[in-house]
Amino acid sequence: MTDIVQDPEEFLPLTPAVFNILLALVDGEKHGYSIMLEVEANTNDMVRMGPGTLYGSIKRMLKSELIEESDERADPQMDDQRRRYYRLTDLGRRTLRMEAERLASQIRVARAKNLLPSEFAGRPA
Amino acid sequence: MIEKPMDISLVSLSVKVYRLFLVAYPAKFKQEYGPHMLQVFGDYCTHVFHQNGSKGMIRLWAITLFDLFQSLIEEHLQKETEMTKSKFIKLSGWAFIVGSFAFLTILSGSIAGSMIGSILLAIGMLGLRARYGESVGSFGRNFLLIGVVGMILAYAAVPIFREVESLYILPYAGPAVLLLGLTMFGLVTLVKKPLSHANWLPLFAGIWYPAIYFPIFVYILLNNGTWPESDLPYTPIQIMLSVQFIALCVLGAILVQQTDATEEPAVIA
């Protein structure tokens, strides 16, 4: 593990896949399948990741230390197959926050130009 | 819910077909993530089939084929880029070593030799940037780039200012600007410590020639082109440049050796 502190800004802007994976991990560690399902749920099926995109992104995020592997264990809500869990690192959390703030400021610009209503809350499901 | 034989066979067949597709991924990626990808695909197949039946499976396969196509290209390209980057870094290490020999001809006043040396050292610096750029941050890696660009501009300025008498040592400015970039990078490496050891080396390898050249350049400008003949400590200068030559060789050797040892390229963000 490197002692070098990385600047979250160097990762911005995040791709939709990376942003949504990080977002899925905010409330706790998850395995690949539950990340995939949560991304679909969070984006109203607008972002659908196949296993190739999911694990390609996970591979790059692990190398960039945005996420880390937790352990391999069975999901009590599924079958007894062991699954690899992932969780956010501190760097990942800071990067995600920065990206969310960047997107929020862009929403404010869109509202100022009357492109979005002031109470815009995303497309309905 | 009791699963009908059709349910099981359709999902099972899909997983078997997907397993065949996984063979096309790069070996390292496949070894690390293949089993997990297969597991996720199988889970998702079951989920989709229970929700939308065969129709859902058709849609799933359309998405999966697109995902396979896109991610296969990306992983193979990245593998090629990583190998190319690794080779470039190793080559740049050799460029540092050979370039430092050519650079040493500056002791005999050879402009051609120092120019060849500068070009090779510039390649070395780009290799340093490729190897350690992520670790030192944009500030550190930009110094290397500025050094290279500055060198090019300095050489470009030579024919423009050839008529100006007091700028007769401008042809020797290129390596000075280049190595100044390395010196500044060296200051950053003292703080960021990207090398596994000897983080003082880039500074040590960069500082000597700029520290000699720029004061002489300023002296000549301020003294109407007069060379500081009697004031120059020639022997210490020769020693300093020789030390720089050795330090540059060592830096090049570290680049070559570390690329050999790890074969783990810098992260491509």
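Lettering follows sequence order; numbering is per chain, from 1.
With contacts defined as side-chain heavy-atom distances shorter than 4.5 Å, the pair A/R84/B/Y33 qualifies. Taking 4.5 Å as the limit, every side-chain heavy atom of B/E134 sits out of range of all side-chain heavy atoms of A/K63.
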Using the side chain to side chain contact (heavy atoms under 4.5 Å, CB included) rule, take B/H36 and A/E72 through it: C-alpha gap first, then chi angles, then the decisive distance, then the call. CA-CA 11 Å; B/H36 303 288; A/E72 282 197 27; 3.9 Å; yes

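Of the candidates B/K28, B/E32, B/Q78, B/Q78 is the only one forming a side chain to side chain contact (heavy atoms under 4.5 Å, CB included) with A/K59.
Chosen from B/D43, B/T64, B/V40, the residue pairing most often with chain A at heavy-atom distances under 4.5 Å is B/D43.
Only the side chain of B/I63 comes within contact range of chain A, judged by heavy atoms closer than 4.5 Å. Contacts of B/F66 with chain A are absent, with no heavy-atom separation under 4.5 Å from either backbone or side chain. For a residue to count as touching a neighbouring chain, one of its non-hydrogen atoms must lie under 4.5 Å from one of that chain's; by this rule A/E9 does not touch chain B. In this structure, chain B has a heavy atom under 4.5 Å from the side chain of A/L62, while its backbone stays farther away. Residue contact with chain A, scored on non-hydrogen atoms closer than 4.5 Å, involves the side chain of B/F29 exclusively.
When the shell of 6.0 Å around CH2 of B/W61 is examined, it contains more than 12 heavy atoms from other residues, nucleotides or ligands. The 12-atom threshold is exceeded at CZ of A/R102, counting heavy atoms of other residues, nucleotides or ligands nearer than 6.0 Å. Around atom CZ of A/R97, no more than 12 heavy atoms belonging to other residues, nucleotides or ligands sit under 6.0 Å away.
The side chain to side chain donor-acceptor pair (under 3.5 Å) search around B/R141 returns none, not counting sequence neighbours.
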Enumerate, atom names and distances included, each donor-acceptor pair closer than 3.5 Å involving a side-chain atom of residues 47-58 of chain A, sequence neighbours excluded.
| residue | atom | partner | partner atom | Å |
| --- | --- | --- | --- | --- |
| A/T53 | OG1 | B/D67 | OD1 | 2.4 |
| A/S57 | OG | A/T53 | O | 2.8 |

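Contact check on A/R60 versus B/E74 returns a salt bridge, with a Lys/Arg side-chain nitrogen under 4.0 Å from an Asp/Glu carboxylate oxygen.
In this structure, B/Q39 contributes its side chain and A/Q81 its backbone to no donor-acceptor pair below 3.5 Å.
Contact between B/Y44 and A/L37 at its shortest, heavy atoms only, is CE1-CD2, 4.0 Å.
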